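Following: one structure in structure tokens, then a few remarks.
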Number of protein chains: 2
Amino acid sequence: MARVAKHRQALVQTAMRLFRRQGYASSGLNQILDESGAPKGSLYHHFPGGKEALAEAAVDHAGELIAEMLESARERHPADLAAFAGAYAATMAEWMAESGFRSGCPIATTLLETTPENAAIAAAGARALDRWVDIVGSVARQSGMQADAARRWAHMLICAMEGALIVARVRKSKVPILDVGRYFGAQ
Amino acid sequence: MARVAKHRQALVQTAMRLFRRQGYASSGLNQILDESGAPKGSLYHHFPGGKEALAEAAVDHAGELIAEMLESARERHPADLAAFAGAYAATMAEWMAESGFRSGCPIATTLLETTPENAAIAAAGARALDRWVDIVGSVARQSGMQADAARRWAHMLICAMEGALIVARVRKSKVPILDVGRYFGAQ
DNA sequence: CACCATATAGACTGTTTGGTCTGTTTTCAA
DNA sequence: TTGAAAACAGACCAAACAGTCTATATGGTG
């Protein structure tokens, strides 16, 4: 076999980047192919399900990306709600600003465009959210919160962050994101 | 003139409905035309700017729709944070459920797909958000909050609701939306 | 009644879409 | 060394896309 899938990873990463910036439907297969350097044959070899299967992989990959960022923030602030929420917000705000307010949540747009029509993409989205809630909730628990209160707090922080990533994009401002970090750091 | 724009309103409403459910790029002009009953000539007569101009009008219309719902909730609960937040959440959850978890926020998907590339649509989105924050903030102020705390609370409730509308769709559940109402009602 | 801007109507066009299909190259195991 | 599976490669296709164009109907006003 050809060294093991030279193009597969490039395809997934490029798809994630484009879906994040301009959405699922606006990102044509030809654009993804161009920017990843892969030919069409490779796409349909690795993803027989076509664009929808690629989107599922892109959502999984994006879930991983955010989970790693959250784990890194947890390592630095394992039992400090305010510091953890602030670090989470600071990273998202930084990513947003340095992309010209284009790179918000890497799964939100794709999910809104395809869920619930496409169950596989929705399931990938649910997996990503579950993982994020687990990580955020573990910090809340470590900082002394009861298990169910910690879970509620984690859910709420993630929801507020998702909303802030929309508002920040519309307003071209980091403030809505940083506000979420401050608000949930003060609970 | 022909009775004054028979098709204009139908076009905007249909566009809003389709953009809300399946996104901006996935909603073809021909589909919007079919479902609204308008011919292509009327679309380009009323919206010389084409699809993007129609999207701007659809976002404005959606901003109005949500603003009216919030004003109705404010009339019922002018100075009761918990009741107001609960009513807001209950309405959004109801709309979501009765559409089979398809009708979330009527502007979020379109904004994520087009902002910041299209400044006119982004501006319409900002106008809608400003109006919503004003209404929600006025309830917080009436219930005894300081002006700036009320504004922060309003921003946060709206951000959390936007996020919950994504999560609810992915999970096919009203719970994330109702949770936001409870959490922000308990502040 | 006649005029004319407003609005309706849809055929048509060049481009792009996601997807299929037929080969060729690479790599490992036998 | 050779056979076969895995991966690469891109020409090709029907359908759908946003947008243009020309023609027709409508109805208030002079």
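Below, chains carry the letters A, B, ... as their sequence lines are ordered, and counting in each starts from 1. For clarity, every value in this text was computed on a predicted model and none was experimentally measured.
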Study note, to complete from the structure: Here the distance between atom P of C:dT6 and atom NZ of B:K6, to the nearest Å, is 19 Å

Check your understanding: So B:F184 and A:Y183, would you call those rings parallel, tilted or perpendicular, with 30° and 60° as cut-offs?
Key -> parallel

Practice item. Check whether any side-chain nitrogen or oxygen of B:H46 sits under 4.0 Å from OP1 or OP2 of C:dT8, and answer yes or no. Key: yes

Review point. Is it true that B:R151 and B:D134 have a side-chain N and a carboxylate O under 4.0 angstrom from each other?
Key: yes

Point to revise | Matching residue for A:Y88 among A:I135, A:I158, A:I177 - test: side chain to side chain contact (heavy atoms under 4.5 Å, CB included) | key: A:I158

Practice item. Answer yes or no: is there an ion pair linking A:R152 with B:D179, defined by an N-O contact shorter than 4.0 Å? Key: no

Review point. If you look only at pairs with a residue in residues 11-38 of chain B, which of them pass as a salt bridge (Lys or Arg N to Asp or Glu O under 4.0 Å), with sequence neighbours excluded?
Key: B:R17-B:E35

Practice item. Please tell me if the side chains of B:E94 and B:K174 come closer than 4.5 Å, counting only heavy atoms from C-beta onward. Key: yes

**Study point:** Within residues 47-60 of chain B: residues closer than 4.0 Å to DNA chain D (heavy atoms)
**Key:** B:G50, B:K51

Review point. Which ones in residues 11-44 of chain A lie close to DNA chain D, meaning a heavy atom under 4.0 Å from one of its atoms?
Key: A:P39, A:K40, A:G41, A:S42

Check your understanding: Does a salt bridge link B:R131 with B:D60, judged by any charged N lying under 4.0 Å from a carboxylate O?
Key -> no

Practice item. Could you tell me the separation between the NE2 atom of B:H45 and the C1' atom of C:dG10, rounded to a whole number of Å? Key: 16 Å

Check your understanding: Does the cation-pi check pass for B:K51 over B:Y24, that is, NZ or CZ under 6.0 Å from the six-membered ring centre and within 45° of its axis?
Key -> yes

